[in-house]
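Throughout, numbering of the chain's residues begins at 1 and tracks the sequence. The figures here come from the full heavy-atom set of this structure, side chains too, leaving out hydrogens, waters and symmetry mates.
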Amino acid sequence: MPQLDIVHILMTYLWTWLTITLITLKIKTFTMTIKPKNYHGHHSKPTTLTMPWT
């Protein structure tokens, strides 16, 4: 049977890993749902050259 300090270290490691994993997933889903801050509502028109035969 493992000693108490080993169990405590393992539980602390697992809790920390789970917390970091959940925070990372939450940040990823949050950044996917927000709009970019520099978007002003206008689309840039693609510049197409006028063909000389038209």
Below 3.5 Å, can you tabulate the donor-acceptor pairs from side chains in residues 5-17 to any protein atom, sequence neighbours excluded?
{"residue": "Thr12", "atom": "OG1", "partner": "His8", "partner atom": "O", "Å": "2.7"}
{"residue": "Thr16", "atom": "OG1", "partner": "Thr12", "partner atom": "O", "Å": "2.7"}

Those residues at least two apart in sequence (or on a different chain) that pass side-chain contact (heavy atoms from CB on, under 4.5 Å) with Leu25 are Thr21
If you group Ile, Leu, Val, Met, Phe, Trp and Tyr whenever their side-chain heavy atoms sit less than 4.5 Å apart, what else falls in with Ile23?
-> Ile27
Cluster partners of Ile20, using ILVMFWY side-chain heavy atoms under 4.5 angstrom, listed by chain and number?
-> none
